Amino acid sequence: MKRKGLLWGSCLLLVALIFGGVAWGQSRSTIKPTTTPKVTRHASQKKPAKKPQVQAATQPKWLKLKHPLQLPILMYHSISTGNQLRVPKAQFAQEMAYLKAHHYRTLTTAEAIRALKTNSVPQKKVVWITLDDAYKDNLTRALPVLEKYDLHATINVITGFTHKSNHLSLAQMKAMLATGHVDFASHTVQHLNLNELTAAQQRTELVASKRWLDQNLNQNTQMLCYPAGRADATTRKLAKQAGYQIALTTQEGLAQMSQGRYNLARLRVTPGMTTATFATMLQVTNS
């Protein structure tokens with residue numbers, strides 16, 4: 001009887017072990033391995049993308065002068081022959097070649113005004129080329145030379161003459177402006193001696209010419225060139241009121257602010273002038 005009991009006990013133990021093993025195996029198969037959950041960064045928490053580094057274009061630093069600027073402003077008219085206001089193309093070309101070979105910076109109107117008002121220059125050797133009256137040969141003869149030597153000039157326009165056959169038309173001025181080698185300033189409407197006009201007449205000449213240039217060339221005309229260089233105290237006052245920053249005369253010499261910004265001198269280039277004389281006329285030491 002005792003032996004029977006032991007046998008039954010062993011059977012029950014064996015059955016318990018079998019069922020326990022099965023249950024344990026099933027429990028292992030249902031347990032999934034633990035994985036690290038993927039962390040999603042909120043849009044506001046995203047690390048900003050690194051911006052590509054773009055090198056900013058730097059403009060050359062202008063030199064502040066210790067002494068008052070003396071600016072050579074060259075005065076030309078027609079690039080042709082016939083009288084003392086007409087410089088032949090060959091001479092003009094030689095003079096432009098000299099400027100290029102001797103590393104002169106030819107200023108725009110805006111640069112010339114900045115230089116005079118701030119007493120600073122983009123480099124030591126500077127010159128401002130001006131051509132009065134806006135003759136058609138400024139396009140056919142002067143511009144090709146300016147383009148060849150990569151120089152710049154300012155043309156002073158008689159706005160009431162743009163319909164004349166020997167003067168630049170508006171379309172021609174726009175084409176020249178697009179080259180980047182030329183800009184345009186005022187030489188009044190009818191090229192009259194301003195100091196012989198009434199104040200009202202002077203005002204009309206100054207205001208109307210500026211308005212024409214501003215509207216037709218999409219600019220803010222800053223410079224006035226007096227016809228024949230003639231002006232009086234009323235002219236200078238009206239020039240300022242009209243919105244011009246500076247005005248040029250035909251007085252001989254280097255331009256300096258001590259002359260008054262509406263009374264600046266220029267250097268007349270005459271036909272037959274030698275290159276040596278031209279070079280001497282430009283000699284100035286700004287420091």
Side-chain angles (χ1 to χ4, degrees), residues 59-63 65 67-81 84-116 118-135 137-157 168 176-185 223 225 246 248-256 264-287:
Q59 295 294 329
K61 187 176 180 180
W62 280 44
L63 308 171
L65 301 177
H67 302 97
L69 170 66
Q70 299 182 79
L71 177 61
I73 307 178
L74 301 179
M75 177 173 56
Y76 292 93
H77 290 77
S78 174
I79 306 304
S80 60
T81 58
Q84 285 300 105
L85 296 180
R86 297 176 180 270
V87 171
K89 181 182 177 180
Q91 180 184 331
F92 181 76
Q94 286 180 337
E95 289 161 355
M96 297 303 103
Y98 177 88
L99 295 178
K100 184 67 175 181
H102 290 81
H103 311 291
Y104 277 88
R105 168 76 172 265
T106 51
L107 302 178
T108 65
T109 297
E111 289 173 334
I113 292 172
R114 176 181 174 182
L116 289 162
T118 65
N119 200 50
S120 61
V121 287
Q123 65 175 50
K124 287 293 182 70
K125 296 173 75 172
V126 293
V127 62
W128 187 12
I129 303 169
T130 62
L131 297 102
D132 291 1
D133 304 335
Y135 287 104
D137 56 42
N138 291 178
L139 167 63
T140 58
R141 296 176 181 172
L143 182 60
V145 176
L146 295 172
E147 290 180 317
K148 178 180 179 180
Y149 295 110
D150 193 23
L151 303 176
H152 189 95
T154 297
I155 297 176
N156 301 316
V157 182
L168 294 170
M176 294 178 77
L177 192 62
T179 68
H181 292 281
V182 171
D183 63 53
F184 295 93
M223 190 270 279
C225 180
I246 61 172
L248 308 184
T249 71
T250 56
Q251 296 173 29
E252 189 69 25
L254 297 165
Q256 303 176 68
L264 297 171
R266 288 190 287 173
L267 301 170
R268 185 187 297 272
V269 182
T270 56
M273 178 181 285
T274 65
T275 304
T277 302
F278 179 80
T280 300
M281 185 167 63
L282 291 171
Q283 286 180 358
V284 59
T285 302
N286 285 308
S287 60

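Just so we're clear, the structure is a prediction, and the values are computed from it rather than from any experiment. Computed over heavy atoms, backbone and side chain alike; hydrogens, waters and symmetry mates excluded.
- The shortest non-hydrogen separation linking A255 to A265 is CB-O, 3.5 Å.
- To the nearest 0.5 Å, the span separating CE on M96 from CG on L151 amounts to 6.5 Å.
- With hydrogens and angles ignored, the 3.5 Å screen pairs a side-chain donor or acceptor of Q123 with a backbone N or O of H103.
- Annotation for S80 and R86: closest pair OG-NH1, 2.9 Å, computed over non-hydrogen atoms.
- At least one side-chain heavy atom of E111 sits less than 4.5 Å from a side-chain heavy atom of R105.
- Side-chain N or O atoms of H67 include none that pairs as donor or acceptor with a backbone N or O of N286 at under 3.5 Å.
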Stepwise, does the side-chain contact (heavy atoms from CB on, under 4.5 Å) test hold for T275 with Q91? CA-CA 8 Å; T275 304; Q91 180 184 331; over 6 Å; no
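- Y135 OH to L85 CG: the interatomic distance, rounded to the nearest 0.5 Å, is 7.0 Å.
- Once rounded to the nearest 0.5 Å, the distance linking CG of L254 with CD of Q70 reads 5.5 Å.
- Proximity of T109 to W128: side-chain heavy atoms (C-beta onward) are separated by under 4.5 Å at one or more points.
- Nearest heavy atom pair, residue A279 against residue Y98, reads CB-OH, 3.1 Å.
- For the side-chain contact (heavy atoms from CB on, under 4.5 Å) test with I129, the passing option among T154, I155, L99, L107 is L99; the others fail.
- Counting only distance, with no hydrogens or angles, the side chain of N156 and the backbone of C225 share no donor-acceptor pair below 3.5 Å.
- Side-chain N or O atoms of R141 include one that pairs as donor or acceptor with a backbone N or O of I79 at under 3.5 Å.
- With rounding to the nearest 0.5 angstrom, the CG atom of L168 is 8.5 Å from the CG atom of D137.
- A distance-only check finds a donor-acceptor pair linking the side chain of N119 to the backbone of L65 [under 3.5 Å].
- Residues L282 and Y104 have side chains in contact (heavy-atom distance under 4.5 Å, counting atoms from C-beta outward).
- Here the closest heavy-atom approach between residue A93 and residue V145 is recorded as CA-CG1, 3.8 Å.
- The distance from atom CZ of R266 to atom CG of L248, rounded to the nearest 0.5 Å, is 5.0 Å.
- Between D183 and L177, the closest heavy-atom pair is CA-CD1, 4.1 Å.
- Looking at heavy atoms from C-beta onward, Q94 lies out of side-chain contact with F278 at the 4.5 angstrom threshold.
- To the nearest 0.5 Å, atom CE of residue M281 and atom CG of residue L267 are 5.0 Å apart.
- Using a 4.5 Å cut-off on side-chain heavy atoms (C-beta onward), L264 and L116 make contact.
- Judged by distance alone, with hydrogens and angles left aside, the side-chain atoms of Q84 form no donor-acceptor pair with the main-chain N or O of T270 at under 3.5 Å.
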